[in-house]
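In what follows, a structure is listed as structure tokens, so that the remarks can point back to it.
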There are 2 protein chains.
Amino acid sequence: MAEQTEVPRRTPLSRERVLRAAVALADEAGIDSLSMRNLAQDLGVVPMALYKHVANKDELVAGMIDVVIDEIAPPLADTDWKHAVRERILSARRVLQRHPWVSLAIESQQTPTPAILAYLDSMVGTFRTGGFSVDLAHHVMHAMGSRTLGFSQELFDTARNAGRTGVTSPEPPAALPAQFADRFPNLAKIAVVASHDDTSVVGRGCDDQFEFEFALDLLLEGIERLHQQGWTSAR
Amino acid sequence: MAEQTEVPRRTPLSRERVLRAAVALADEAGIDSLSMRNLAQDLGVVPMALYKHVANKDELVAGMIDVVIDEIAPPLADTDWKHAVRERILSARRVLQRHPWVSLAIESQQTPTPAILAYLDSMVGTFRTGGFSVDLAHHVMHAMGSRTLGFSQELFDTARNAGRTGVTSPEPPAALPAQFADRFPNLAKIAVVASHDDTSVVGRGCDDQFEFEFALDLLLEGIERLHQQGWTSAR
DNA sequence: ACCTGAACACCGTTCAAGT
DNA sequence: ACCTGAACACCGTTCAAGT
């Protein structure tokens, strides 16, 4: 009787369950803590049991990426291409922010996963429906690069490898050492301006969302201009 | 006599020599082949000998990044900001292309290395000298993102993890399986256009250099427009 | 046939023993 | 004091032995 309740000790393993547990592990402990052994332990399984559901670790990560990408909402209908693209990218951004390890995982992959291909294909479709030539749509997709998926390459990005374990607070980049302002005067000046409501040299950090939208709109407006001018690559 | 030539069997280890050997190893065999043990073997040294010159592997990679970044030429003098920025970024791009592992290594770092900070500081200086407000220069640097360093986030990038060992040829993305065109019709159409001198569905791949400059110029022209308009963030 | 423990070939790094 | 071999605590994955 006690045994009866203990016998189905695990809902049976499935690829779905493996991938979801892996995503949860990476979200909570950071991508560095994601090992086949740790994942197996989280699932109460022996490590080799995972290999019936994923071929190897690379395939595991590819599956994890697809789980996340599938969270992105479909494009808005009944609106112009610019609005549809903008909103969808911001939606993708919100998804990726919930899973800080994904952007690096995507970049590390040698081949895009099916879900990413589907997302990109749908994005191209939005441009095409908006009247873009195949030629322009092609170059525009390249120009957007990873921004299409809602992340940009911030060179000061701190929290991408870390898990949510320790101090969760997005603490400002600590105090800038006095040395810093001497060696990198232009960066220091920028940091001070970024923290304009603070008179000290200690920056509050930048408003990532503002910066992302600034660059996105700069691109979208340039793209709109090319589109209106009927731009075409010389060929 | 034979011994005489053999006794100084190794020029003494130095941080410099360790870093250069590490860069060479990553260039030739790929970043995945860079281990403390492999590196030590290349240098004819016992693994623990490396730890007198680098604190740990993370510090080793940081040093390798700085070796590469220092290869980038200083900005052109006697020219306008737009030309100076454009040429320097294209110069950075040429450097990073010689070391395909660097972009991912930079992104994986949690903290920018001194050489990167110096490069970015100098880039900000070019904008400032060109008459940009601190405010605009700040947002512009964010908007450029990793493009400042000459790489963009191409989602189809193949050769970043690979070494130069095997087939070096930048082979076109193989044949697109027939399935592909069905599942991702918009992407398939783009791929066909990209290989416009080829009637088959097998793409020649894209002209990375063209795409990079297309996006770079799109950004630079948008930035120029903001600058001329005296753009300022609402605050 | 399926499952899984042990083993293999690696890691980065610590530490104590040797000189 | 310096150097270094062995060891530790991990990896991903193979493989053969057990059921």
Side-chain angles (χ1 to χ4, degrees), chain A residues 3 6-19 21-26 28-65 101 104-105 108-111 113 161-163 165, chain B residues 6-19 21-23 25-26 28-65 101 104-105 108-111 113 161-163 165:
Chain A
E3 267 190 8
E6 211 193 342
V7 161
R9 51 193 322 146
R10 293 284 155 202
T11 70
L13 218 51
S14 69
R15 185 177 160 89
E16 178 81 6
R17 235 167 67 79
V18 168
L19 295 181
V23 167
L25 176 56
E28 279 151 37
I31 193 73
D32 285 346
S33 299
L34 178 77
S35 71
M36 300 302 271
R37 284 162 148 102
N38 283 348
L39 177 57
Q41 189 172 309
D42 276 15
L43 286 162
V45 177
V46 83
M48 286 314 299
L50 301 173
Y51 284 82
K52 203 170 38 193
H53 300 98
V54 291
N56 51 44
K57 197 182 177 184
D58 280 354
E59 215 224 49
L60 171 73
V61 173
M64 291 166 66
I65 291 172
W101 49 272
L104 202 58
S108 306
Q109 292 262 329
Q110 65 288 47
T111 285
T113 63
N161 293 322
T165 38
Chain B
E6 211 192 344
V7 161
R9 50 194 322 147
R10 293 287 154 201
T11 69
L13 218 54
S14 70
R15 186 177 159 88
E16 179 80 7
R17 235 167 67 78
V18 168
L19 295 181
V23 168
L25 176 56
E28 280 152 35
I31 194 72
D32 285 345
S33 298
L34 178 78
S35 70
M36 301 302 272
R37 284 163 148 103
N38 283 347
L39 177 56
Q41 188 172 309
D42 276 14
L43 286 162
V45 187
V46 84
M48 287 314 298
L50 301 173
Y51 284 82
K52 202 167 44 190
H53 301 99
V54 291
N56 51 45
K57 196 182 176 183
D58 280 353
E59 215 225 48
L60 170 73
V61 173
M64 293 166 63
I65 291 172
W101 49 272
L104 201 58
S108 306
Q109 291 263 331
Q110 64 288 49
T111 285
T113 63
N161 293 322
T165 39

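Just so we're on the same page: letters track the sequence lines, and every chain starts at 1. Note: hydrogens, waters and symmetry copies are ignored here, and every other heavy atom, side chains too, is used. Only a predicted model underlies this, so the values are computations on that prediction, with no experimental measurement involved.
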Exercise. Taking C-beta and beyond as the side chain, do A:M64 and A:L34 meet within less than 4.5 Å on heavy atoms?
Worked result: yes
Seminar exercise, completed: Heavy atoms of A:V54 and A:M36 approach each other most closely as CG2-CE, 4.1 Å
Exercise. CZ/A:R37 to CE/A:M48 distance, rounded to the nearest 0.5 angstrom?
Worked result: 10.0 Å
Identify the pairs formed between an N or O of the protein and an N or O of nucleotides 16-19 of chain D at a distance under 3.5 Å, and give each distance.
none

Exercise. Taking it one step at a time, do A:L13 and A:V45 satisfy side chain to side chain contact (heavy atoms under 4.5 Å, CB included)?
Worked result: CA-CA 9 Å; A:L13 218 51; A:V45 177; 4.1 Å; yes
Problem set entry | Nucleic acid contacts of residues 50-60 of chain B, taken as heavy-atom distances under 4.0 Å to DNA chain C | B:Y51, B:N56, B:K57
For this session: Could you summarise the pairing of DNA chain C as dot-bracket text, marking Watson-Crick and G-U pairs under 3.5 Å with ( ) or [ ] inside the strand and | across strands?
Result: ||.|||||...|||||.||
For this session: Mind checking the CG-OG spacing from B:L25 to B:S33? Nearest 0.5 Å is all I need.
Result: 6.5 Å
Exercise. In whole Å, what separates the C1' atom of C:dT14 from that of D:dG12?
Worked result: 23 Å
Problem set entry | D:dC11 phosphate, OP1 or OP2, under 4.0 Å from A:N38 side-chain N/O | yes
Can you pull every protein N or O that's under 3.5 Å from an N or O on nucleotides 5-9 of chain C?
none

Exercise. Under the side chain to side chain donor-acceptor pair (under 3.5 Å) test, which residues partner A:E59, sequence neighbours left out?
Worked result: A:R15
Exercise. In Å, rounded to the nearest 0.5 Å, how long is the span from CG of A:L39 to CG of A:L19?
Worked result: 9.0 Å
Exercise. Can you tell me how far C1' of C:dG12 sits from CG of B:L39, to the nearest Å?
Worked result: 13 Å
For this session: Indicate yes or no: at least one non-hydrogen side-chain atom of A:L50 is less than 4.5 angstrom from one of A:L60.
Result: no
Exercise. OG/A:S108 to CD1/A:I65 distance, rounded to the nearest 0.5 angstrom?
Worked result: 8.0 Å
For this session: Looking only at non-hydrogen atoms, find the nearest pair between B:N56 and B:Y51 and report the distance.
Result: CA-CE2, 4.1 Å
Problem set entry | Non-hydrogen atoms of B:A40 and B:P47 that approach each other most closely | CB-CA, 3.5 Å
